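Predicted, not measured: the structure shown is a model, and the values here were computed from it. Just so it is clear: chains get the letters A, B, ... in the order the sequence lines come, proteins before strands, and each one is counted from 1. Both backbone and side-chain heavy atoms feed into the values below; hydrogens, waters and symmetry mates do not.
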There are 2 protein chains.
Amino acid sequence: MKDNNDMPGHLARRFQQIAVAVFLAEVGEAGFDLTPVQYAALATIKVNPGLDQVTLAGLIAYDRTTITGVVDRLVQKGLAERRASPRDRRARELEITDEGRRTLRKITPAVEAAQRLMLRGLSPKEGEELMRLLRKAIAAGNELSRAPLRNAQA
Amino acid sequence: MKDNNDMPGHLARRFQQIAVAVFLAEVGEAGFDLTPVQYAALATIKVNPGLDQVTLAGLIAYDRTTITGVVDRLVQKGLAERRASPRDRRARELEITDEGRRTLRKITPAVEAAQRLMLRGLSPKEGEELMRLLRKAIAAGNELSRAPLRNAQA
DNA sequence: TACTGATAGTCAGCATACTGAGCAATATCC
DNA sequence: GGATATTGCTCAGTATGCTGACTATCAGTA
């Protein structure tokens with residue numbers, strides 16, 4: 001029997017578990033209540049103002065059915081707004097609010113600290129190498145999940 | 001603004017997402033309906049017959065509140081049994097069934113194929129290195145999640 | 001032995017993720 | 001122009017994962 005520690009799937013699950021815990025702890029300590037998923041969505045909305053939900057989902061590789069709830073919570077917290085698109089009445093345009101911008105700014109140090117903390121067992125060089133290998137494996141497997149990464153359209 | 005691809009947390013989430021999708025696809029194609037989490041639990045029960053739920057949770061780093069539901073589903077599928085422990089009336093002893101053993105045996109090739117597939121973008125050497133770095137990062141962060149890995153007690 | 005603390009398990013509640021279905025609106029093709 | 005396909009979004013249902021609370025039981029100690 002193969003050991004769990006020889007199964008990339010198990011290691012992936014475990015590393016993610018720690019990454020989320022670290023993120024929530026750091027951000028919580030800074031006085032904010034934002035999940036990793038909500039953070040990524042909000043940051044992406046800020047950089048791509050007016051994007052629709054499908055585009056947002058593609059940019060951060062979320063399932064489109066997951067985005068609905070995530071945006072719901074961002075809107076409910078007053079960090080983002082959802083408007084009907086004038087160009088396509090099916091679509092909703094997303095916009096960050098001033099409050100969302102403030103939150104992003106103040107939360108950034110905690111987010112960066114979390115990223116460092118989840119690699120604390122590795123040397124800087126090893127951390128870089130881990131990220132490189134993850135990027136490479138992800139690129140090769142991108143189409144294998146229901147929610148692949150998609151670049152923004154013009 | 002840091003790119004998502006420079007955030008280990010985001011890469012962790014993405015790699016895990018692909019790993020789960022690959023696992024479910026391979027196992028589903030083989031004609032089985034078992035999640036990665038259920039597979040790991042069942043395999044661990046097989047190797048440690050009669051273990052209780054807390055020990056099981058520790059061996060695969062699941063939260064104890066998650067184990068309840070996972071075992072529920074294994075029992076419901078007829079793959080495992082839950083008995084009251086004669087030594088400790090709080091505890092439940094877990095046992096794999098014959099059906100569970102059969103399933104494990106038949107599912108193994110698909111599980112192994114999935115592990116290879118999720119590393120398909122990497123050379124064998126790179127795959128080894130990725131696993132080594134993940135193990136190292138996980139070991140350093142083990143206590144940071146609510147569900148750390150625990151070795152079985154004597 | 002009675003008290004105190006720890007432990008095994010469950011439950012309610014919330015937030016990802018996914019499958020699959022459905023609705024409304026847009027795009028495409030004849 | 002009208003049938004058809006596609007797209008954007010939502011919803012119901014299921015499975016992790018977590019927080020926090022609770023019950024029952026056990027273990028250690030005064």
Side-chain angles (χ1 to χ4, degrees), chain A residues 9-10 12-14 16-25 28 33-41 51-58 60-74 76-77 82-94 144-148 150 153, chain B residues 9-10 12-14 16-25 28 33-41 51-58 60-74 76-77 82-94 144-148 150 153:
Chain A
H10 182 263
R13 179 190 153 280
R14 190 80 187 90
Q16 220 264 325
Q17 178 183 47
I18 291 169
V20 172
V22 166
F23 185 101
L24 291 177
D33 171 31
L34 213 63
T35 66
V37 160
Q38 289 164 18
Y39 171 80
L51 84 176
D52 64 295
Q53 293 188 186
V54 166
T55 304
L56 171 59
I60 46 186
Y62 292 6
D63 193 273
R64 69 186 190 285
T65 63
T66 302
I67 277 290
T68 299
V70 173
V71 172
D72 278 352
R73 285 179 279 281
L74 287 178
Q76 209 212 326
K77 290 177 182 175
R82 183 154 39 188
R83 292 192 309 258
S85 163
R87 285 182 303 269
D88 186 337
R89 278 189 297 168
R90 293 169 301 181
R92 315 302 187 84
E93 288 186 352
L94 303 174
L144 300 178
S145 81
R146 168 163 142 164
R150 299 275 180 236
Q153 312 298 335
Chain B
H10 182 263
R13 180 190 152 281
R14 189 81 186 90
Q16 220 263 322
Q17 178 182 47
I18 290 168
V20 171
V22 166
F23 185 100
L24 292 177
D33 171 33
L34 212 63
T35 66
V37 159
Q38 289 165 17
Y39 170 82
L51 85 175
D52 64 295
Q53 294 187 187
V54 166
T55 304
L56 171 59
I60 47 187
Y62 292 6
D63 194 273
R64 70 186 193 286
T65 63
T66 303
I67 277 289
T68 299
V70 174
V71 171
D72 278 352
R73 285 178 280 279
L74 288 178
Q76 208 212 325
K77 289 177 183 174
R82 182 152 41 186
R83 293 192 309 261
S85 164
R87 284 183 304 269
D88 185 338
R89 280 190 296 170
R90 291 169 303 181
R92 314 299 187 87
E93 287 186 353
L94 303 174
L144 300 179
S145 83
R146 169 163 140 163
R150 298 276 180 234
Q153 311 298 334

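Rounding to whole angstrom units, CG of residue B:Leu144 and C1' of D:dT19 are separated by 17 Å. Taking atom CZ of residue B:Arg146 and atom P of nucleotide D:dG20, one finds them 8 Å apart after rounding to whole Å. At whole-Å resolution of the value, CD in A:Gln16 and C1' in D:dT16 are 11 Å apart. Taking atom CG on B:Asp72 and atom P on D:dT16, their separation rounds to 10 Å, with Å as the unit. In this entry the distance linking CG of A:Leu24 with P of D:dT19 reads 8 Å, nearest Å.
Mapping A:Arg87 and A:Thr66 onto DNA chain C by nearest heavy atom places A:Thr66 at the nucleotide closer to the 5' end. Mapping B:Ala61 and A:Ile67 onto DNA chain D via the closest heavy atom, the residue that lands nearer the 5' end is A:Ile67.
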So B:Arg87 and B:Glu93, salt bridge (Lys or Arg N to Asp or Glu O under 4.0 Å) or not? Walk me through it.
-> CA-CA 10 Å; B:Arg87 284 183 304 269; B:Glu93 287 186 353; 3.2 Å; yes

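With hydrogens and angles ignored, the 3.5 Å screen pairs a side-chain donor or acceptor of A:Tyr62 with a backbone N or O of A:Val37. Remark: the backbone N or O of A:Ala61 is paired with a side-chain donor or acceptor of B:Gln17 at under 3.5 angstrom.
The footprint of chain A on DNA chain C, defined by a heavy-atom cutoff below 4.0 Å, extends from C:dA15 to C:dT26.
In this structure, A:Thr35 reaches the sugar-phosphate backbone alone: every heavy-atom distance under 4.0 Å involves primed, P, OP1 or OP2 atoms, never a base. Note on A:Ala147: only backbone sugar-phosphate atoms sit closer than 4.0 angstrom, heavy atoms only; bases stay farther off.
Side-chain contact of A:Asp52 with A:Thr55: a donor-acceptor pair under 3.5 Å is present, judged by distance alone.
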Pairs: protein N or O with nucleotides 1-8 of chain D N or O, under 3.5 Å:
unit_1 : atom_1 : unit_2  : atom_2 : d
D:dT7  : O2     : A:Arg90 : NH1    : 2.4

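To the nearest 0.5 Å, atoms NZ (B:Lys77) and CG (B:Asp33) are separated by 4.0 Å.
Applying the salt bridge (charged side-chain N to carboxylate O under 4.0 Å, His left out) test to A:Arg64 and every residue at least two apart in sequence or in another chain returns nothing.
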